[in-house]
Each structure stands twice: as structure tokens, then as C-alpha cells.
Amino acid sequence: MKQRSFAARLDHVSGAAVKDIISMMVDPSITSFGGGSPANESFPIAEIKEIVNQVLTDSPYELLQYGKTEGYLPLREAYLEHIVLPKGVRADVQNVITVSGGTQGFDLATQAFVDPGDVVLLESPTYLTVFNVLRKLGAEIVAVKTDENGIRIDDLEEKIQRYHPKMLYAIPTFQNPTGRTLPVERRKRIAELAGEYNLIVAEDDPYCELRYRGEALPPIKSFDTSGNVIMLSSFSKTISPGIRVGALVADHDIIEKMTDIKQCSDTHSTNLTQAICAEYLKRGLLPGHIESIRPMYLARMNAMLDGIRQYFPKNIRYTDPDGGLFTWVELPGKELPGDVDTRVIVKESVAKIKVGFVPGSPFFLDPAEGKNCLRLNFSSNTPEKISAGIKSLGDLLCEIVR
Ligand SMILES: Cc1ncc(COP(=O)(O)O)c(C=O)c1O
């Protein structure tokens, strides 16, 4: 094959882990607990059809013509009114840019701040795409320790002092991959540290609306007095990921910088899908929609947790989340010789029992740390399928882990 001289900074950028997840999801013979997708049954198809018709009738030229890089104004306004301000975040429309999904929001944030060699802190484990976003820029990634409540503040502060990082990336609510939620006190402290150490915090919160029990927590951004916190939101998990719409709130100078960068990337996000989200929010449909999908997700989550309790080996640790799409399992035996490796187990699981999941390793900076872990998604299968798949997986794990 011809030897291509791709840019050297891409040497460590690989989409293999995500490709593996997707190939498992599209094989109908496999019960996949691998993806991070909302349920097909959750999409508000009838409302979207009707809204598309209305917005194209009302504003055909505005929507089919080029739009503004900072986003479709009705969506920026509706995001502010319906999502940002109710969370206790002080902002106006100048503080908002819409993006083509939360992933682009993080990509723009890092491009705005991170030079090659700059240190970026992230909680360990974390959303695996973020490693590639950072490696692409030549960032130096440093992992911060976590416990069952998320980022450990002692380790964070120690690493801030040691590495003088430019940025912290954090997923505070129903974290991907662990399903854990950061308590209010830690959120407040992170906002304080952002000011004390002039640290940019990218707060990625795409799952916060998907709460099935307990009280909503204020975002880190609501405690921000330094203007160093960027709050990233997405409509992927609440309306649809295929429409590729997200939004973020930050100080105006940050929004301006991101707007310049976004112009080089895609000029602007798709007008039609931004208009769908704007109208959906303006009609006040989002809270009712979330209310209507909550019982389905809760039933799926409970089916998975009940199955884990019943069929998985007894000496495991797992997250009992209050929302989101995932639970996270830690098997024993990481330190033993001939230890477990979920990257090997997943192959056996797919081949023998037709059950897929994501091994823990790709979520860690040091893949060896995740050898005994697996991420399980509960949103994409019926409770019956989840129960049967978790039983088969539990039986297999019990043979391997004693
Ligand atoms: C933490 C986190 N951020 C961002 C995303 C991607 O969201 P979007 O579809 O808005 O790009 C995901 C998707 O899995 C995620 O888990």
C-alpha cells in the first residue's frame, strides 16, 4: 500500500475503539451494551416532523441559506432561557454559541486554549473521544484520580500545583463511562480552583437532564466567579444525536474566539436542526419529553442493576447511578498474575454468548488501569433483553472471575 505522510501530530490519534463499539451496535445478532446512544423509542418523531414543516413554512430562506457562525439566534435565546438560566448560571445571549454536538464544543474549547505541550487534566476514566481531541493538538494529558463520587479534589489540587495545567475536562453528572455524579461541594471547589489557579474548566454535561431519581445538582458553571468555566451542553441525549446540535455558555471573549475557529471548520451548524431544537424548547416540550422517557430508562436501568446483583460475581464493584445511560463494573483481580482483561473477555463474550460491552481500557490514559473494568449501557435494549444478556454475561464472568 502507498505510504502516506500524514501529519505527525496524528500519530497517536486513532478511532479504533469507537469503530469497535459501532460495529457491535450494528450487528443485530449481538445484544450490545456497548453504545452510548439514546433509545430509538425515545425520539420525539411526530413533534419533529410537525416542527420541520412549521419552521420551513415560516422561515424557508433563513433556514436554507447560510447562517451565522455563532448560531441560530432563536436557539441561542431558547437555550439560555430554558436550560442555562434555570440552572443558576448568569449569562446572556453574547455568552452562547451553538455547535455541531458537544464533541465539537470541546474541540473548539481546546483549540482556543491548548498549545502543543500544554497540560490538560482529565478525570480518570473519562469519555474516550477526548483523548483524540487532545492528542490531535499535541496536549500533554494528565489523569486525575477519582473515587465513587468522581474527581478527587485532593489529587486535583496536587496536580494543578505540580503541572500548572491550562485546562481541566470534567463530566460532572452521570459520567461517561462510570455513571458517577460529582457532589455539590466538589463542584463548588472546582469553580474556586478555576479562579485561584487561572485554570479553564470544560464542564461537559450532556447527561444532566436524564435524571431518573433524586434532585438535580447545580453545574460547576453556576459557581463560576472567574469566568474560567465553559459549560458544554448537547441535545444528543435528550432530543436526538443525529441532528448534531449542542450549545455552550462561556465568557464573551471565549465565545468570540470559538466563533473564529468554528468558521474555519464548518462555517456554522445546520440551520434546520438548530431551528428544530429552538422550536422544541420554545414550545416547552423538553421537560414533558424527559418526563415521558424517564420510566422507560428507569426500567432498563433497574433491569441491568438487578441482573448485575443477581448474576455477576459477588466480589465486584459497580455504580448504582441516578440517571444517564451507563453503569460501570470493576472486576476483582487486576493485581493478580494471569489477571482478568476485559479486552479479552469481550471477544469471548461476543463469540460465545453474543453479548457486547466496552472494555474499560480505552477510557484510561494508562489502558492497564482499566483491564478489570467494563462499561455497560442500559438505554438501548428492552428490560427483557437486558435481563437475558446480563444473565449470560454474569454466567460467563463467574466462570472467569472466581
Ligand atoms: C461526555 C460526553 N460528551 C460528549 C458526547 C458527545 O455528544 P455529542 O453527540 O453532542 O457530540 C458524549 C457522547 O457519548 C459524551 O459521553
Side-chain angles (χ1 to χ4, degrees), residues 15 17-22 24-25 32-40 42-43 71 75 79 83 96-111 120 122-134 146 150-151 167-182 201-211 219-221 230-249 258 262 265-266 269-270 273-274 276-277 280 286 297 319 321 323-328 357-358 360 362-364 375-380:
V18 173
K19 275 188 208 142
D20 283 353
I21 297 173
I22 291 173
M24 202 156 47
M25 283 164 60
S32 175
F33 301 132
S37 310
N40 284 344
S42 76
F43 300 143
L75 178 59
Y79 168 63
I83 294 183
V96 173
I97 180 172
T98 61
V99 284
S100 304
T103 309
Q104 186 186 50
F106 181 63
D107 192 38
L108 297 178
T110 51
Q111 286 188 64
V120 176
L122 40 75
E123 64 208 306
S124 182
T126 194
Y127 174 40
L128 52 85
T129 299
V130 159
F131 291 110
N132 280 338
V133 173
L134 293 171
T146 57
I151 296 180
M167 181 183 273
L168 165 72
Y169 171 75
I171 311 161
T173 321
F174 315 134
Q175 200 248 11
N176 181 4
T178 61
R180 294 171 187 154
T181 292
L182 197 68
V201 174
E203 175 183 28
D204 190 8
D205 216 4
Y207 301 103
C208 64
E209 316 290 344
L210 295 181
R211 177 173 280 280
I220 299 170
K221 181 71 184 159
I230 302 168
M231 186 178 91
L232 304 155
S233 310
S234 170
F235 294 101
S236 288
K237 314 294 175 179
T238 50
I239 300 181
S240 143
I243 61 175
R244 307 306 303 133
V245 184
L248 64 89
V249 60
M258 287 191 186
K262 184 169 161 65
S265 164
D266 62 356
S269 298
T270 309
T273 55
Q274 289 188 76
I276 292 170
C277 291
Y280 203 81
L286 193 61
Y297 280 155
T319 308
L325 304 182
F326 310 109
T327 184
W328 174 254
F357 59 84
V358 190
F363 301 103
F364 287 85
R375 188 190 76 176
L376 296 170
N377 162 277
F378 53 74
S379 58
S380 307

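Remember, it's 1-based here, ligands and their atoms both numbered in the order they're listed. Here the structure is a predicted model, which means the values were calculated and not measured.
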- Query: Does Ser100 reach ligand 1 with a nitrogen or oxygen that is under 3.5 Å from one of the ligand's nitrogen or oxygen atoms?
  - Reply: no
- Query: Is there a donor-acceptor pair closer than 3.5 Å between any side-chain N or O of Glu203 and the backbone N or O of Ile220?
  - Reply: yes
- Could you tell me whether Ser236 approaches ligand 1 through its side chain, its backbone, both or neither, with non-hydrogen atoms closer than 4.0 Å? side chain
- Query: Going by heavy atoms, is Gln175 under 4.0 Å from ligand 1?
  - Reply: no
- Query: Do Gly102 and ligand 1 have an N or O pair less than 3.5 Å apart?
  - Reply: yes
- Would you say the side chain of Thr181 lies within less than 4.5 Å of the side chain of Phe174, judging by non-hydrogen atoms? yes
- Would you say Pro206 touches ligand 1, if touching means a heavy atom closer than 4.0 Å? yes
- Message: Using a plain distance cutoff, I'd like to know if Gln104 has any nitrogen or oxygen under 3.5 Å from a nitrogen or oxygen of ligand 1.
- Response: no
- Under-4.0 Å heavy-atom contact with ligand 1, by part of Thr103 that carries it: both
- Item | Atom indices of ligand 1, in the order listed, that fall short of 4.0 Å to a heavy atom of Asn176 | 14 (O), 15 (C), 16 (O)
- Heavy-atom proximity to atom 4 (C) of ligand 1 ranks first, among Tyr207, Tyr127, Phe235, for Tyr127
- Message: Could you tell me, atom by atom, which parts of ligand 1 come under 4.0 Å of a heavy atom of Ser234?
- Response: 8 (P), 10 (O)
- Of the options Thr327, Asn176, Thr319, which is the one that meets Arg375 in a side chain to side chain donor-acceptor pair (under 3.5 Å)? Asn176
- Task: Do me a favour and list the nearest non-hydrogen protein atom to atom 14 (O) of ligand 1 with residue, atom name and distance?
- Result: Lys237 NZ, 3.0 Å
- Message: Judged on heavy-atom distance to atom 2 (C) of ligand 1, which of Leu128, Leu325, Asp204 sits nearest?
- Response: Asp204
- Item | Phe174 and ligand 1 - part of the residue with a heavy-atom distance under 4.0 Å | neither
- Message: Would Arg244 count as a contact residue for ligand 1, given that I'm defining contact as a non-hydrogen atom of the residue lying under 4.0 Å from a ligand atom?
- Response: yes
- Task: Could you walk me through whether Tyr280 and Phe235 pass the ring pair (Phe, Tyr, Trp, His ring centres under 6.0 Å) test, one step at a time?
- Result: CA-CA 11 Å; Tyr280 203 81; Phe235 294 101; 8.9 Å; no
- Query: Any non-hydrogen atom of Gly36 lying under 4.0 Å from ligand 1?
  - Reply: no
